[in-house]
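What follows is a single structure, written as structure tokens, with notes after it.
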Amino acid sequence: MSRPTAQRELESFDARSPALVLYTSGSTGKPKGVVIGAGSLGSVGSAFSERYGITVADNWLQATPVAHAIGALTGLGIA
């Protein structure tokens, strides 16, 4: 019996794959891109959702700038 498609996709998921690039402010030099891996984003999202009891049934109002890390993560529905 074969596994469902979603299960096969999760098994081939590479947590180290780049998923997001955020840039530093450049306060001590030129801004630099920081690559965030897919596994890190998943971990942040899981921890945030668990901490605040967020479920798929909830709605979210994004009130922080998406240019900032927390704004980007919560705006994308990751956190």
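With sequence neighbours excluded, no residue satisfies side-chain contact (heavy atoms from CB on, under 4.5 Å) with Ser43. Taking Ala19 as the reference, Ala38, Leu41 meet the side-chain contact (heavy atoms from CB on, under 4.5 Å) condition, with sequence neighbours excluded. Every side-chain contact (heavy atoms from CB on, under 4.5 Å) that Thr55 has, sequence neighbours left out, goes to Ala57, Asp58.
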Please set out all donor-acceptor pairs under 3.5 angstrom arising from side-chain atoms of residues 26-33, sequence neighbours excluded.
unit_1	atom_1	unit_2	atom_2	d
Lys32	NZ	Lys30	O	3.1

Checklist entry - Can Val34 and Thr24 be said to form a side chain to side chain contact (heavy atoms under 4.5 Å, CB included), step by step? => result CA-CA 7 Å; Val34 178; Thr24 64; 3.8 Å; yes

